[in-house]
Protein chains: 2
Amino acid sequence: MDEIDIKEAGLKVTQPRVQILKIFETSTQKHFSAEEIFQLLRDDDSRVGLATIYRVLTQFETAGLVIRHNFEGGQAVFELDSGEHHDHIVDMKNGKIIEFHDEIIEQRQIEIAKEHGYQLIDHSLILYAEPIDK
Amino acid sequence: MDEIDIKEAGLKVTQPRVQILKIFETSTQKHFSAEEIFQLLRDDDSRVGLATIYRVLTQFETAGLVIRHNFEGGQAVFELDSGEHHDHIVDMKNGKIIEFHDEIIEQRQIEIAKEHGYQLIDHSLILYAEPIDK
DNA sequence: CTCAGTGCAAACTATTTGCAGATTT
DNA sequence: AAATCTGCAAATAGTTTGCACTGAG
């Protein structure tokens, strides 16, 4: 249940926070920009301000509920943190986002960092691709 | 010689363009934000406006002279396009940027895209890491 | 001399912040 | 009631654009 997550994050269970979390949980789409959430709530005639959405998303990010991605195109995109790490393919034709996980790449990244005297803390891998037309 | 590149890009050989290119070519550092270039030129008391720097960098990018990266932290970062593709390790402690190239990862990316019915157009791989202290 | 290029200020986009009033606990 | 939270408007940060003037070819 949403409310538990919010409470565990040390946040009050407010209207906007519940609604935003619900969007992530009930939609087939997994990735949303702040603006998109703003529109969805507006369509559902909730009167949540854009600033609040940014604030809540940032709090959720800090609490580990949500992950922020910086794909091309200015707007940050958020998704629920499922706990299972994955990277993304961005479909440049339709804007769709596909998730994948590849152990070979994951391991190489760690090795590469080590080869250069570093400990890998985090990484960002985004594949920009177009559908193969038949 | 710089001027040739500028001409081949179909651009006039102007003061600001030459100076900006020179920064990339003569510095040990390889990656610069627009703001950094602005400061460097100012220190060298050139009166080049920040807007011009952005315009020139964008033109250079279009001409394939320069590559734009969007690392964490808002500001875009530019480097000379050496022709040899590489990815980056960002040293989170010192802000240093290290380049690397790994064929295994390159190949896996292509395969992964294909497995999902896509043709890889471009990619962005950034490792965020900290130096291993001994 | 002509047209591309430049500086400056104003415009824009994405995001953040201050504050007075509204909500949660 | 106390403290957190929210909406709104104003502030920021990074980058882009309009325009009259400057400079390269």
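Just so it is clear, the model here is predicted, and its values are computed rather than measured. Chain letters run A, B, ... following the sequence lines, proteins first, then strands; residues in each count from 1. Computation of the quantities below employed the complete heavy-atom set of this structure, encompassing side-chain atoms and omitting hydrogens, waters and symmetry-equivalent molecules.
- Between A/Y54 and the phosphate of C/dT15, there is a side-chain N or O to OP1/OP2 separation shorter than 4.0 Å.
- With the nearest nucleotide of DNA chain C identified for both B/R42 and B/G10, B/G10 has the one nearer the 5' end.
- Across the protein-nucleic acid pair, A/H69 atom NE2 and C/dA14 atom P stand 19 Å apart, rounded to whole Å.
- Among the nucleotides C/dA9, C/dT16, C/dT15, the one closest to the side chain of A/T58 is C/dT16.
- Which of D/dA9, D/dG23, C/dT6 sits closest to the side chain of B/K12 comes down to D/dG23.
- Map A/Q15 and A/A51 each onto its nearest nucleotide of DNA chain D; the residue landing nearer the 5' end is A/Q15.
- Nucleic acid contact class of B/R47 (heavy atoms, under 4.0 Å, all strands): sugar-phosphate only.
- Between C/dA14, C/dG5, D/dT16, one nucleotide has an atom nearer to the side chain of B/T14 than all others, and that is C/dG5.
- C/dT6 atom P lies 15 Å from atom CZ of B/F38, rounded to whole Å.
- Contact annotation for B/A34: no contact, since no heavy-atom pair falls under 4.0 Å across all strands.
- Distance CD (A/Q19) to P (C/dT24): 11 Å, rounded to an integer number of Å.
- With salt bridges taken as basic N to acidic carboxylate O contacts below 4.0 Å, none links A/K30 and A/E79.
- With hydrogens and angles ignored, the 3.5 Å screen pairs no side-chain donor or acceptor of B/S46 with any backbone N or O of B/V48.
- Mapping B/V77 and B/K7 onto DNA chain D by nearest heavy atom places B/V77 at the nucleotide closer to the 5' end.
- Between B/H88 and B/H86, the ring planes lie perpendicular to each other; the angle is over 60°, past the 30° to 60° tilted range.
- As rounded to whole Å, 11 Å separates atom P of D/dG25 from atom CG of B/L11.
- Whole-Å rounding puts the B/I6 CD1 to D/dA24 C1' distance at 12 Å.
- Between B/E111 and B/K114 no salt bridge is recorded (no basic side-chain N to carboxylate O distance below 4.0 Å).
- Computed from coordinates, the B/N70 CG to D/dT15 P distance equals 8 Å when rounded to whole Å.
- Judged by atom type and distance alone, B/R55 reaches the base of D/dG18 through a side-chain donor-acceptor pair under 3.5 Å.
- In this structure, of C/dA4, C/dG7, C/dA14, it is C/dA4 that holds the atom nearest to the side chain of B/R17.
- No donor-acceptor distance shorter than 3.5 angstrom exists from the side chain of A/N94 to the backbone of A/K96, with no hydrogens or angles considered.
- In this structure, the CD1 atom of A/I53 is 14 Å from the C1' atom of C/dA14, given to the nearest Å.
- Atom CD in A/Q75 sits about 6 Å away from atom P in C/dT15, given to the nearest Å.
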